[in-house]
Each structure stands twice: as C-alpha cells, then as structure tokens.
Engineer: 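Below you'll find the structure I mean.
First the proteins, then the strands, lettered A, B, ... as listed; each starts at 1. Heavy-atom basis, side chains included; hydrogens, waters and symmetry copies ignored.
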Amino acid sequence: MSLFDMRLSEIHNRLANKELSVSELTEASFRRIADTDHKVGAFLALNEDGARKQAAELDAQLASGGERGLLFGLPGGLKDNMVTEGLRTTCGSRFLENYDPIYDATVVQKLRKAQSVTIGKNNMDEFAMGGSNENSAYRPARNPWNLERVPGGSSGGSAAAVAAGQVYFSLGSDTGGSIRQPAAYCGVVGLKPTYGLVSRFGLVAFASSLDQIGPITKNVEDTAYVLQAIAGHDERDSTSADVNIPDYLSALNGDVKGLRIGVPKEYFGEGIDPQVKEKVLEALKVFESMGAVWEEVSLPHTDYAVAAYYLLASSEASSNLARFDGVRYGVRAENPANLLDLYRRSRSEGFGAEVKRRIMLGTYALSSGYYDAYYKKAQQARTLIKRDFDQVFEQFDLIIGPTAPTTAFKLGEQINDPLTMYLNDICTIPVSLAGLPAISVPCGLADGMPVGLQIIGKPFDEPAVLRAAHAYESHTEHHNSRPALS
Amino acid sequence: MTINLKDVEHVANLARLELTETEKEQFAGQLNAILKYAEKLNELDTDGIEPTSHVMPMANVMREDQVRPSWPIEKVLRNAPDEENGQFKVPAVLE
C-alpha cells in the first residue's frame, strides 16, 4: 500500500513505531504535488518553508515523547478563502492577489493545535462563487479522474488535491454545495457540518447565513478526525453554536440496523443521469442488507430551492463584498479622480465576471422596490424548504440521495450558461438553506467518473451521518478507487 | 419583469461597479434569464409565512464592554494600498 492510500490511523501507527517521520511524510506530499500539480492545478500557494519547519518541530516532539495532537504530522491543505498569517490568501481573486493576512482563521489555529502540517492553499472559484473551479482568477483546477473534466466547485482545488493524493485532507467551505459537489465529482469524502458547528472567523464571507467550513478526506474515519479537530464554539463568531461537541470517532462504531432512511423522490427528477440514479439505488440496497429500512419521501419545495438560494446568497454576497473597496487592502485603481471613482474602478478591475454577476443580482434583489418581490419571497421559500425537512425528520433518521444529478462535466461546457451551472446544485442547495449536516461519499463510477452519495442528517446529528457513512464504506470498496492520473 | 440597459447601469452604480458596454449587454441578458427563473417563486403561496434569515435559533450575543488589546497599527496597515501617518489614505472626499 502506498503512503497516499493510508488512513490517518495507519500513518499514526507508522509515526509512533518510528517507521516514518513527519518530515518524510511532508516531503512525500511536496513531491506528489511537484509530480502532479502541473496537471491538476489544485494549489495556488505552497507553504514550503513553513511546512518543513513545522515538520522538523513535530519530529523533535516525536523523539522526545509527549502527547500528540489529533492530526499529528498529517499534511493538509486549506481552501484559499481561509486566512493564514504570513501565507498569501487570494480567495481565487485578482482583487486579493497580494493579500497578506495579519491573523489566522480559527480553523487554522485549531489545526495547529491538532498538529497537522499546512502544505498550502487550494484553488477555488473566485470568492467561492461557482461549481466548476473555472471561475478561479488564476487557473482552473482539473479533475484527477479525467483532466478534461472539472473537479467541481467551489472547493474544487481541495477535492482535487485529496483525490490526487497530494494531501491527506483539505478544508473546504460550503455555501450551496461547495464541499459536497466537488467531493462527489472527485470521488472523495466531503462533509458540510451543521450551520454554526465550525467557526467562520477568518473565512472570507460569501453568504454569511449559509457558509460553513468542513473536511474533505479519502475516507469517513479521517473526516471524523478532522471534524473533531475543527468543531466548536468560538466567541469571535457570534453565529457559531454553543453546543457540546460529541466524540465523532466513537460515533463511527455501531451499526445501522433499524435505521429509517427517507429517500426524496424530487432528487431523482428531471436532469438526473440514469447511471447516477442506479448507483444511488445500489447504495440503498447496501443499507438494506445492513438492516436499515428506506422509503420514498417527498420534499415538495425542492424545485424552488435553486431560485431562492441564488437570490439569498447573491444578496448576502453583494453586501459582504462591499468591503472590497480598494481602501484597506487589495486592488486599488491608479490615479482615481475621486473616492467614488476609486471604489468603482478598483472593484471593476479586481472582480471577475461571476462575482460581478452575483453582486449585480444581489444588489438588484435588495434594491428599493424589489426587496419584497425577490429577497423576502426567497426568505419565505426558505422557511417552506426547511419545513419539508422538519416533517421528514419526524419519521426518519436520515435522508439519502445523490449529491449531484450528474458526474463531472467538461471544462468550458457550462461556463457561458450560468443558470445551467446553478442547476447542478439542485440536491445540495436545499440542505444548505435548511442548515443541515450532510456528507458526500463515493458510491461507484459511471463511465469512469465518480458518483457521490449524499447522507443528510438532523441539525447537529453529525454522529448519525458519520455512522451511516462509515457503515456504508465498511461494506463497500468505492472509497478505495483511485484515479490513474497518468 | 425585464431588465434593460438603464436598469443595469442603475444597479451597477448602486454596487459601485463600472461595466463595459459588452458587460452591460451580457449582464442584462443573463440577469433576465436568472430573474425569469426566479419568478418560479411566485407559484408559492407565502401568505403568513415567516421569512427565514437564519436557520438556527439565534439571539443577539452580548459581552461586557471591556477594553481588549487590538492589532498594532503597523499590522493593520500591512496591506494598505496607500497610507500616511498611520492612516489609510484616500482621494479627497470634500471638494
């Protein structure tokens, strides 16, 4: 078994037995990136000096003994919208091309405490807006399973890096599916936690009522480790939930006998690839064989979710991105005639097309005369969508369906048709609007491309989501498939 | 509801964006398509339905009004495109 195929617990055994050092592991990660990233494009910046220094310190600790952190020595990536002091953070945007953060995001501090090694910053759609990584201002990331296809987005670089064996985990962020959809397209595991479980302090804001950070890994057990390291209340994020954090690793134990699963018929509607449907139905048979029961259910407002989401998320974005004004950081236009000219030209030079489009849509939806018709109406639709889930969860423990209606599409195929691109998120957006935890796990290949199975839980019931995902994984081999990447 | 070029210019002004003629035409078309799709929401009867701004039950979070250390000014200005005497510098606001 190659180093890249090992799980975190196996790596830890090797480190403890002195069969491997953190420096060796770190160098292996950089070597793999040197060998593959000219094809994959998963990284925007590498933390070579910092990571090597960190690895040497951890090796010294390994020699002297002492308690080791939860993610000790593990090379990891970070989506480039989480700020890192001393390591450029661009958000995939020209606007922040030279942005040098003055502090670390809470998740970055937590990773340091857990003693993982930060390898670098992962590529992404600009300001996390997009589902293909083609909106990166630098270069598109590509799908390791087929370099002609997109890795998904907006955390495309994070998912591609894990799938390519460049890092053991990466943190992504999910607003309408941006962890789960790229995880599905790249054949890896991606968890969007319940809204508020992980601090957003130091995450560059896109849509504050939806944004949530979560892990992308090769298997469910590793996801539980990473989640354990990053979850928890943070006084610097007043929307972070003040709840007790359970032991996610022990939650993996136990079976799914008697588990009640609802399968929403709307997630198999128009636009679903028959092969994706077949893989999801096969996965449900696996759950049946383990003693779970499933039944078709209805989430009747699913069809309204994409419309509501694009109005709400764009409105929040238009407000959040007002801070990029060319005054305190980022791009400043040359020779401005006055302050207004400075704002307008700095923003117009710094932002790409998708970001401008969403700012325009959000500004329009919030503008005088249209607020009730668009913004408020979308907020009311959000209430109805959330109620759909509440009702199903009165009778069921989990909801299972596809993560995305198709497998990864080709680069360039949808870039000029924003609406079609938005509809790829039909199965992930309703879950985001309801703030629920959901994981995508690999459930097979369709024409050589990975298919993702989405397991959705009640608020803060990550333990049930992880247990079901782990049970499924233990009975299947899909998570062990790796792209050839030749 | 259709958006014309004048609407696009008005919204761009509100959003502090300066668009090229090509961008204006492109956005008018794309925003019309997106808003037409969003009209789907009008099928929903939302009379008496509370709008959801946040999914989790949440209230204002208060803390004691105590003085805490802040960032040193050199750090805060590290990314400033222009600065003078420990302050961000912008073009004159008053004529």
Engineer: Could you tell me whether the side chain of B:Leu19 reaches within less than 4.5 Å of the side chain of A:Met360, counting heavy atoms only?
Structural biologist: yes
Engineer: Do you know which of A:Arg357, A:Glu235, A:Glu349, A:Lys376 has the most heavy-atom pairs under 4.5 Å to chain B?
Structural biologist: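 When all of A:Arg357, A:Glu235, A:Glu349, A:Lys376 are compared, A:Arg357 has the most.
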Engineer: Using heavy-atom distances under 4.5 Å, tell me whether A:Leu419 contacts chain B through its side chain, its backbone, both, or neither.
Structural biologist: side chain
Engineer: For chain B, which residues from residues 313-327 of chain A have at least one heavy atom closer than 4.5 Å to it?
Structural biologist: A:Gly326, A:Val327
Engineer: Closest heavy-atom contact between B:Ala38 and A:Ala307?
Structural biologist: CA-CB, 3.8 Å
Engineer: Which heavy atom in A:Asn416 sits nearest to a heavy atom in B:Gln30, and how many Å separate them?
Structural biologist: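 Heavy atoms only, the tightest pair is O-NE2, 4.2 Å.
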Engineer: Might you point out which heavy atoms bring A:Asp100 and B:Arg78 nearest each other, and give the distance in Å?
Structural biologist: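 Closest approach of A:Asp100 to B:Arg78: OD2-CD, 3.2 Å.
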Engineer: In sequence, state the C-alpha distance, the side-chain angles, and the governing distance for A:Tyr364 and B:Leu35, and then conclude on side chain to side chain contact (heavy atoms under 4.5 Å, CB included).
Structural biologist: CA-CA 10 Å; A:Tyr364 181 77; B:Leu35 289 170; 3.4 Å; yes
Engineer: Could you tell me which portion of A:Ala378 (side chain, backbone, both or neither) has an atom closer than 4.5 angstrom to a non-hydrogen atom of chain B?
Structural biologist: both
Engineer: Taking side chain as everything from C-beta outward and backbone as N, CA, C, O, which of these in A:Leu423 sits under 4.5 Å from a heavy atom of chain B? Side chain, backbone, both or neither.
Structural biologist: side chain
Engineer: Using residues 54-66 of chain B as the side-chain source, report each donor-acceptor pair under 3.5 Å to any protein atom, sequence neighbours left out, with the distance given to one decimal.
Structural biologist:
residue	atom	partner	partner atom	Å
B:His54	NE2	A:Tyr195	OH	3.1

Engineer: When heavy-atom pairs shorter than 4.5 Å are enumerated against chain A, which of B:Asn79, B:Val11, B:Val76, B:Ile34 gives the highest number?
Structural biologist: B:Asn79
Engineer: Hey, does A:Gln379 have a side-chain heavy atom less than 4.5 Å from the side chain of B:Ser53?
Structural biologist: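 SC-SC contact between B:Ser53 and A:Gln379 confirmed.
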Engineer: Got a donor-acceptor contact below 3.5 angstrom from the B:Lys40 side chain to the A:Ala308 backbone?
Structural biologist: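 Pair absent, no side-chain N/O of B:Lys40 close to backbone of A:Ala308.
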Engineer: Establish, from distance only, whether the side-chain atoms of A:Lys386 and B:Thr52 form a donor-acceptor pair under 3.5 Å.
Structural biologist: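 B:Thr52 and A:Lys386 do not have a side-chain donor-acceptor pair below 3.5 Å.
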Engineer: Looking at A:Gly435, A:Gly196, A:Ala241, which one has more heavy-atom pairs under 4.5 Å with chain B than the rest?
Structural biologist: A:Gly435
Engineer: Non-hydrogen atoms of chain B under 4.5 Å away: do they reach the side chain of A:Thr194, the backbone, both or neither?
Structural biologist: side chain
Engineer: Among A:Asn98, A:Leu311, A:Asp303, which residue forms the greatest number of heavy-atom pairs with chain B at distances under 4.5 Å?
Structural biologist: A:Asp303
Engineer: Does a side-chain heavy-atom distance below 4.5 Å link A:Ser367 with B:Leu14?
Structural biologist: yes
Engineer: How far does NZ of B:Lys89 sit from CZ of A:Arg332, to the nearest 0.5 angstrom?
Structural biologist: 9.0 Å
Engineer: Can you tell me which of A:Asp341, A:Val306, A:Leu210 forms the most heavy-atom pairs within a distance under 4.5 Å of chain B?
Structural biologist: A:Val306
Engineer: Between chain B and each of A:Ile359, A:Val331, A:Leu361, A:Leu342, count heavy-atom pairs under 4.5 Å; write down the option with the most.
Structural biologist: A:Leu361
Engineer: For A:Thr363 and B:Ala15, which heavy atoms make the closest approach, and how far apart are they?
Structural biologist: OG1-CB, 3.6 Å
Engineer: If you count heavy-atom pairs within less than 4.5 Å of chain B, which of A:Tyr375, A:Tyr304, A:Tyr343 leads?
Structural biologist: A:Tyr304
Engineer: With a 4.5 angstrom heavy-atom cut-off, could you sort out which part of A:Ala434 is near chain B: side chain, backbone, both or neither?
Structural biologist: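 For A:Ala434, the contact with chain B is made by the backbone alone.
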Engineer: Could you look at A:Glu85 and say if it's the side chain, the backbone, both or neither that has a heavy atom under 4.5 Å from chain B?
Structural biologist: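 The side chain, not the backbone.
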Engineer: Got A:Lys377 and B:Thr46 here, is their nearest side-chain heavy-atom distance under 4.5 Å?
Structural biologist: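 They are in side-chain contact.
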Engineer: Give every residue pair that meets the ring-ring contact (aromatic ring centres under 6.0 Å, His included) criterion with at least one member in residues 18-52 of chain B, sequence neighbours excluded.
Structural biologist: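 Pairs touching residues 18-52 of chain B that pass the test: none.
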Engineer: Checking heavy atoms, do the side chain of A:Phe389, its backbone, both or neither come under 4.5 Å from chain B?
Structural biologist: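 For A:Phe389, no heavy atom lies under 4.5 Å from chain B.
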Engineer: Is a side-chain donor or acceptor of A:Thr383 paired with a backbone partner of B:Glu50 at a separation under 3.5 angstrom?
Structural biologist: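 The answer is yes, because a donor-acceptor pair under 3.5 Å joins these two groups.
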Engineer: Can you tell me which residue pairs pass the salt bridge (Lys or Arg N to Asp or Glu O under 4.0 Å) test with a partner in residues 2-18 of chain B, sequence neighbours excluded?
Structural biologist: B:Glu9-B:Lys24
Engineer: Assess the residue pair B:Glu83 and A:Arg328 against the criterion (side chain to side chain contact (heavy atoms under 4.5 Å, CB included)); give the C-alpha distance rounded to whole Å, side-chain angles, the decisive distance to 0.1 Å, and a yes or no.
Structural biologist: CA-CA 9 Å; B:Glu83 54 156 315; A:Arg328 291 153 300 160; over 6 Å; no
Engineer: Give, as side chain, backbone, both or neither, the part of B:Leu41 having an atom under 4.5 angstrom from any heavy atom of chain A.
Structural biologist: both
Engineer: How long is the straight-line distance from CG of B:Leu44 back to NE2 of A:His301, given to the nearest 0.5 Å?
Structural biologist: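 One finds 5.5 Å between NE2 of A:His301 and CG of B:Leu44.
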